[in-house]
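To start, the structure under review is shown below, and the notes come after it.
Since the model is a prediction, treat every value here as computed from it, not as a measurement.
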Amino acid sequence: EVQLQASGGGLVQAGGSLRLSCEASGFTFDDYAIAWFRQAPGKEREGVTCISSRDGKTYAEDSAKGRFTISSDHRKNTFYLQMNNLKPGDTAVYSCAAARGSAWCGLGPLTEHEYSYWGQGTLVTVSS
């Protein structure tokens, strides 16, 4: 059973940085995509960025481009979201998710229904 656990959230001032981690386990397949989604208070969940297991190719939504970077450490089965120059509008619960099939990363805007496996989210609060 695939399990994902996100961590690293917290309170940070605007302009600051945070690095979120997503520990993954239980994969019985080696072709998958890992994505970060976020849900701000009172808003729908939205995609942030993703990475392909096949070639490390990444995709980022406009809100993440230039500020957020997704990466992976396969030895630790851990995926990271480095967030720089954070803004109050980035305040949200951030969750990592996995899709069976690396092609789901890079086809275009992230859509949550393509990701079958979800971890518990971690709260990021950015103060002004």
Side-chain angles (χ1 to χ4, degrees):
E1 179 185 359
V2 174
Q3 293 188 336
L4 303 167
Q5 179 64 53
S7 62
L11 174 64
V12 63
Q13 288 187 332
S17 298
L18 274 178
R19 188 177 78 161
L20 306 183
S21 299
C22 175
E23 293 186 41
S25 62
F27 281 100
T28 58
F29 46 92
D30 57 6
D31 185 35
Y32 56 86
I34 295 291
W36 287 94
F37 289 81
R38 68 183 184 182
Q39 187 167 21
K43 295 187 177 181
E44 293 186 354
R45 185 182 287 168
E46 63 177 8
V48 178
T49 184
C50 62
I51 189 166
S52 162
S53 71
R54 180 177 294 274
D55 54 12
K57 178 181 177 182
T58 64
Y59 170 86
E61 300 291 359
D62 288 345
S63 60
K65 288 179 180 177
R67 298 190 300 130
F68 296 181
T69 303
I70 188 171
S71 62
S72 61
D73 184 339
H74 292 291
R75 294 172 301 175
K76 297 181 179 179
N77 291 326
T78 301
F79 301 84
Y80 302 100
L81 180 63
Q82 177 67 43
M83 304 187 294
N84 299 325
N85 190 22
L86 283 160
K87 304 174 182 179
D90 295 318
T91 294
V93 174
Y94 286 73
S95 301
C96 55
R100 190 160 187 155
S102 59
W104 290 117
C105 179
L107 291 178
L110 291 165
T111 52
E112 60 181 283
H113 68 262
E114 295 162 350
Y115 287 78
S116 303
Y117 309 96
W118 290 82
Q120 187 176 356
T122 184
L123 176 62
V124 173
T125 304
V126 184
S127 63
S128 59

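Hydrophobic clustering of Ile, Leu, Val, Met, Phe, Trp and Tyr side chains at less than 4.5 Å, counting indirect connections, unites Ile51 with Leu20. In this structure, Leu4 is not a member of the same hydrophobic cluster as Val93, with clusters built from ILVMFWY side-chain heavy atoms closer than 4.5 Å.
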Please test Phe37 against Trp118 for ring-ring contact (aromatic ring centres under 6.0 Å, His included), starting from the C-alpha separation and ending with a verdict.
-> CA-CA 10 Å; Phe37 289 81; Trp118 290 82; 4.9 Å; yes

Hey, mind stepping through Tyr117 and Tyr115 against ring-ring contact (aromatic ring centres under 6.0 Å, His included) and telling me if it holds?
-> CA-CA 6 Å; Tyr117 309 96; Tyr115 287 78; 9.8 Å; no

Would Leu11 and Ser127 satisfy side chain to side chain contact (heavy atoms under 4.5 Å, CB included), going step by step from the backbone distance to the final call?
-> CA-CA 7 Å; Leu11 174 64; Ser127 63; 4.3 Å; yes

For Lys87 and Arg67, run side chain to side chain contact (heavy atoms under 4.5 Å, CB included): C-alpha distance rounded to whole Å, both residues' side-chain angles, the deciding distance at 0.1 Å, then the answer.
-> CA-CA 10 Å; Lys87 304 174 182 179; Arg67 298 190 300 130; 3.8 Å; yes

Might you work through the side chain to side chain donor-acceptor pair (under 3.5 Å) test for Asp31 and Ser102, ending with a clear yes or no?
-> CA-CA 5 Å; Asp31 185 35; Ser102 59; 2.5 Å; yes

Applying side chain to side chain contact (heavy atoms under 4.5 Å, CB included), run through Phe68 and Asn85 and close with a yes or a no.
-> CA-CA 9 Å; Phe68 296 181; Asn85 190 22; over 6 Å; no

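Annotation for Trp36 and Ser21: closest pair CH2-O, 3.6 Å, computed over non-hydrogen atoms. Across every non-hydrogen atom of Ser17 and Asn84, the tightest pair is OG-OD1, 2.9 Å. When all heavy atoms of Cys105 and Lys57 are compared, the pair lying nearest together is SG-O, 3.9 Å. The two residues Val48 and Ala64 come nearest to each other via the heavy atoms O-CB, 3.6 Å. Minimum interatomic distance between Ala98 and Phe27 (heavy atoms only, all atoms of both residues): CB-CZ, 3.9 Å.
Rounding to the nearest 0.5 Å gives a distance of 7.0 Å between CD of Glu114 and CG of Leu107. Atom OG of residue Ser128 and atom CD of residue Gln13 lie 9.0 Å apart, to the nearest 0.5 angstrom. In this structure, the separation between CG on Leu123 and OH on Tyr94 is 10.0 Å, given to the nearest 0.5 Å.
For the pair Asp30 and Arg54, the salt-bridge criterion is not met [side-chain N within less than 4.0 Å of a carboxylate O]. The existence of a salt bridge linking Asp62 and Lys65 is confirmed by a sub-4.0 Å separation between a basic side-chain nitrogen and an acidic carboxylate oxygen.
Looking at Arg45, its side chain never comes within 3.5 Å of a backbone N or O of Gln39 through a donor-acceptor pair. Side chain of Thr122 to backbone of Gly9: a donor-acceptor contact under 3.5 angstrom is found. Without hydrogens or angle criteria, Ser63 side chain to Glu61 main chain gives no donor-acceptor distance under 3.5 Å.
Under a cut-off of 6.0 angstrom, the local environment of CD in Gln120 is sparse, with at most 12 non-hydrogen atoms contributed by other residues, nucleotides or ligands. Counting heavy-atom neighbours within 6.0 Å of Asp55 CG, excluding the residue itself, gives a total above 12.
Between Phe79 and Tyr32, the ring-plane angle classifies as perpendicular under the 30° and 60° cut-offs.
Counting only heavy atoms from C-beta outward, the side chains of Ile34 and Ser53 never approach each other to under 4.5 Å. Side-chain atoms of Asp90 and Arg38, non-hydrogen and from C-beta on, do get closer than 4.5 Å to each other. Within the 4.5 Å cutoff, side-chain heavy atoms of Val124 are placed close to those of Met83. Contact check for Thr49 versus Leu81: side-chain heavy atoms found under the 4.5 Å cut-off. Contact of the Glu112 side chain with the Leu110 side chain is not registered, since no non-hydrogen atoms from C-beta on lie closer than 4.5 Å. Residues Ser52 and Trp104 are not in side-chain contact: their nearest non-hydrogen atoms beyond the backbone lie 4.5 Å or more apart. Side-chain contact between Thr125 and Val12 is absent, with no heavy atoms from C-beta onward closer than 4.5 Å.
Cation-pi geometry between Arg19 and Tyr80 is met: the NZ or CZ atom falls under 6.0 Å from the ring centre, inside 45° of the normal.
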